[in-house]
Amino acid sequence: MSALESTRPSNFIKDIITEDLKTDKYGGRVHTRFPPEPNGYLHIGHAKSICLNFGVAKDFKGLCNLRMDDTNPTKEEVEYVEAIKQDVRWLGFDWQDRMFYASDYFERFYECAVELIKKGRAYVCDLSSDEVREYRGTLTAPGQESPYRNRPVEENLDLFERMRAGEFPDGSRTLRAKIDMASGNINMRDPVMYRILHAGHHRTGGKWCIYPMYDYAHCISDSIEGITHSICTLEFEDHRPLYDWFLDELNVYHPQQIEFARLNLSYTVMSKRKFIQLVEGGYVRGWDDPRMSTISGLRRRGYTPEAIRNFAERIGVAKRDSVVDIALLEYCIREDLNKRASRVMAVLRPLKVVIVNYPEDKPEELDAVNNPEDPGMGTRKVPFSRVIYIEKDDFREDPPKQFFRLAPGREVRLRYAYYITCVDVIKDEKGEVVELRCTYDPATRGGDSPDGRKVKATLHWVSAEHALEAEVRLYDYLLTKPNPDDVEEGKDFKSIINPGSLEILTDCKLEPSLKDARHGDKYQFERMGYFCADPDSSGGKLVFNRTVTLKDTWAKVQKRS
RNA sequence: UGGGGCGUCGACAAGCGGCAAGUCAGGAGAUUUUGGAUCUCCCAUCCGGAGGUUCGAAUCCUCCCGCCCCAGCCA
């Protein structure tokens, strides 16, 4: 590894590259690419691939291209290419001037096809798609050769040219590679290279009516760009012989394809198909719904690029199918936000507290630390007054054994303020607690008692007369089960969507320092979790998303008993 | 009785013939004006199974078992 050694953990792909560098396989170059198809939004599975491709390039002082794999005009849209570029950039990667499109190479692909025809390695086939399927054979039975397989080169050349000229309708003919209809690898049974598609392309417009297939286009694209290591997911392992076949037959520069296992995350879905169902079925509010594991969803949820990159690093890269515990992702965002998010007090489910021995009209300002992890972030003033709100969950009229918070007759600390003792509980006609009467100890201002007496709990609070109103959206796992396919017979993942994945709280009270929170701003609401201002915040309306809860020992204790 | 992969702690994942890293989760404790953070300790005598080679195997060989992917003119 020597000078190229990175401080980050290695993996089998980096090991291969290190070895290739040692043997000077590519003249010391490392050049990767991230090749999304612009037919949907990127998700955290793509983030793994992006971090791998761009990360490896960076580690070895190489380059990584961004390439749109846009060979199918019927599925792809410009809207997606812009979103993809934004997501990759947001993740922190730079493709500099190397933004490419497979469609840039359409002319070159065509020339290569002509060359293969001339070599007798490709032919125009008139079989319909149904017939092609029948001729292909099955997993256990070999296929049959197409009756058009041995057309003379001249006839193939003529037909292929006329395919391009638009003389034939969609589906009437294809250009196929002449390989081996008896191969155990079905991909080698004369795969289709070109299909006729009279459809406009988002970049080439109406110029083409024949479009190359993935297997044919991808390897040549890699070759044209001088890619050294073409990293893709496991399901393409079977395609590698074909990747190699085209490049060998064309006798052009030959990158190597390496496959790794795609990311699966517990309690969520990870496929375009499923994301589309969620969006179109109205189960979520869009591709950037904070419950979605799309990059845009995570961004809106409050995840940072740093956390996602760190996550990608921690999960590793290997060839074994696996499901990563979503708790690891949560750990990564907590770790990041703990260091950088300002602490602030917000009461999500308010319970009114009147401090009976506190003056009616003498609000005061108390000093609060912005981030105990980082003194450099300073302090701020928080207003305190006779009427405050505390969290409903922080009071229990009949506290269980391990409950340390407020209860009748019990003393607790209000963070940065005073010790208070509950002296009275006021209920409505339904018996629900609607207000607490407490006394405070003026000697404990700031939160310390001069006599050294201890309290077991510290509560966050917000002064009623100074409180900001806000809407807070609490998110939970999208699914009720770790595996989206663990469903009853005949049902799909939509049957296990967590009905509690979104809870909207509209009566939340925030400390006044949050007045100017701008969308994307991230905070720790003390004792509640990390939150970020949602784009729906506008004018005077504040809307926050809960990114993730804090680690909650109390919840764990409750769960146990 | 097709082809290609993969099986190491609850979840990821190192290990590449010398006697099982690390991380998350979980547990115990210290500390704490967030039941947060931090710190300490515990958590695979065992590497899908069975044989074999070897002084010595998770690592090599053989057989078996299990899981994933492939029959789009999708990528």
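Below, chains carry the letters A, B, ... as their sequence lines are ordered, and counting in each starts from 1.
Residue A/Asp448 is classed as a base contact, given a heavy-atom separation below 4.0 Å to a base. Counting non-hydrogen atoms under 4.0 angstrom, A/Val455 reaches nothing in the nucleic acid. Heavy atoms of A/Arg189 sit nowhere under 4.0 angstrom from any nucleic acid atom. As judged by a 4.0 angstrom heavy-atom cut-off over every strand, A/Val323 is placed among residues touching the sugar-phosphate backbone only. Nucleic acid contact for A/Glu526: base, since at least one base atom lies under 4.0 Å from a heavy atom of the residue. Within the 4.0 angstrom heavy-atom criterion, no nucleotide atom of any strand lies near A/Met528. A/Pro482 comes within 4.0 angstrom of nothing in the nucleic acid, heavy atoms only. Nucleic acid contact class of A/Gln402 (heavy atoms, under 4.0 Å, all strands): base. Among the heavy atoms of the strands lying under 4.0 Å from A/Leu139 is at least one base atom, whether or not backbone atoms are also near. No engagement by A/Arg176 is indicated, since no non-hydrogen atom pair under 4.0 Å with the nucleic acid exists.
At a cut-off of 3.5 Å, with distance as the only test, a side-chain donor of A/Arg413 or A/Thr458 sits close to an acceptor on the other residue. Side chain to side chain, A/Gln257 and A/Asp222 fail the donor-acceptor criterion of an N or O pair below 3.5 Å. No side-chain N or O of A/Glu77 forms a donor-acceptor pair with one of A/His202 less than 3.5 Å apart. Counted by atom type alone, A/Ser103 and A/Asp70 present one or more donor-acceptor pairs between their side chains at under 3.5 Å.
Under the stacking criterion of a centre-to-centre distance below 5.5 angstrom and an interplanar angle below 30°, A/Trp554 sits stacked against the six-membered ring of B/G35.
A/Asp485 places its CG atom 14 Å from the C1' atom of B/C67, with the value rounded to the nearest Å. Nucleotide B/A75 holds its C1' atom 18 Å from the CZ atom of A/Arg240, rounded to whole Å. For the pair A/Ile196 CD1 and B/C73 P, the interatomic distance rounds to 14 Å; values are reported in whole Å. Between A/Asn371 atom CG and B/U38 atom P the separation is 12 Å, expressed in whole Å. Between the P atom of B/G4 and the CG atom of A/Asp244 lies a distance of 15 Å, rounded to the nearest Å. We find that CD of A/Glu37 is positioned 12 Å from C1' of B/G72, with the value rounded to whole Å. Between A/Leu550 atom CG and B/U38 atom C1' there is a gap of 14 Å when expressed in whole angstrom units.
Residue pairs meeting the salt bridge (Lys or Arg N to Asp or Glu O under 4.0 Å) criterion with at least one partner in residues 175-192 of chain A, sequence neighbours excluded, are A/Arg149-A/Asp190.
A sub-4.0 Å separation between OP1 or OP2 of B/C74 and a side-chain N or O of A/Arg273 is absent. Dashed line: the shortest gap from a side-chain N or O of A/Arg195 to OP1 or OP2 of B/C74 is under 4.0 Å. Note on A/Thr553: a side-chain N or O is less than 4.0 Å away from OP1 or OP2 of B/G36. The shortest distance between the side-chain N/O atoms of A/Arg320 and the OP1/OP2 oxygens of B/C68 is not below 4.0 Å. Taking 4.0 angstrom as the limit, A/Arg133 places a side-chain polar atom (N or O) nearer than this to OP1 or OP2 of B/G72. Of the side-chain N and O atoms in A/Thr71, one or more sit less than 4.0 angstrom from OP1 or OP2 of B/A75. Between A/Arg413 and the phosphate of B/U32, there is no side-chain N or O to OP1/OP2 separation shorter than 4.0 Å.
Ion pairing between A/Arg151 and A/Asp126 holds under the 4.0 Å rule for side-chain N and carboxylate O. Between A/Asp374 and A/Arg340, no side-chain nitrogen of the basic residue sits less than 4.0 Å from a carboxylate oxygen of the acidic one, so the salt-bridge criterion is not met.
Of the two residues contacting RNA chain B, namely A/Arg405 and A/Cys125, the nearest-nucleotide position lying further toward the 5' end is that of A/Arg405. Checking A/Gly184 against A/Asp170, the closest nucleotide of RNA chain B that is more toward the 5' end is the one next to A/Gly184.
Residues satisfying the side chain to side chain donor-acceptor pair (under 3.5 Å) criterion with A/Thr74, sequence neighbours excluded, are A/Asn72. Judged as a side chain to side chain donor-acceptor pair (under 3.5 Å), and not counting sequence neighbours, A/Arg195 has no contacts. With sequence neighbours left out, the side chain to side chain donor-acceptor pair (under 3.5 Å) criterion links A/Arg136 to no other residue.
Checking B/G15, B/C73, B/G4 against the side-chain heavy atoms of A/Val132 singles out B/C73 as nearest. Listed nucleotides B/C73, B/A13, B/A71 differ in distance to A/Thr138; the shortest reach to its side chain belongs to B/A71.
Two residues are said to be in side-chain contact when any heavy atoms from C-beta on lie closer than 4.5 Å; A/Tyr216 and A/Cys112 meet this criterion.
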Nucleotides 24-31 of chain B: which of its N/O atoms have a protein N/O under 3.5 Å away?
unit_1, atom_1, unit_2, atom_2, d
B/C24, OP1, A/Tyr331, OH, 2.9
B/G26, OP1, A/Lys556, NZ, 3.3

Would you list the protein and nucleotides 39-41 of chain B atom pairs, both N or O, that sit under 3.5 Å from each other?
none

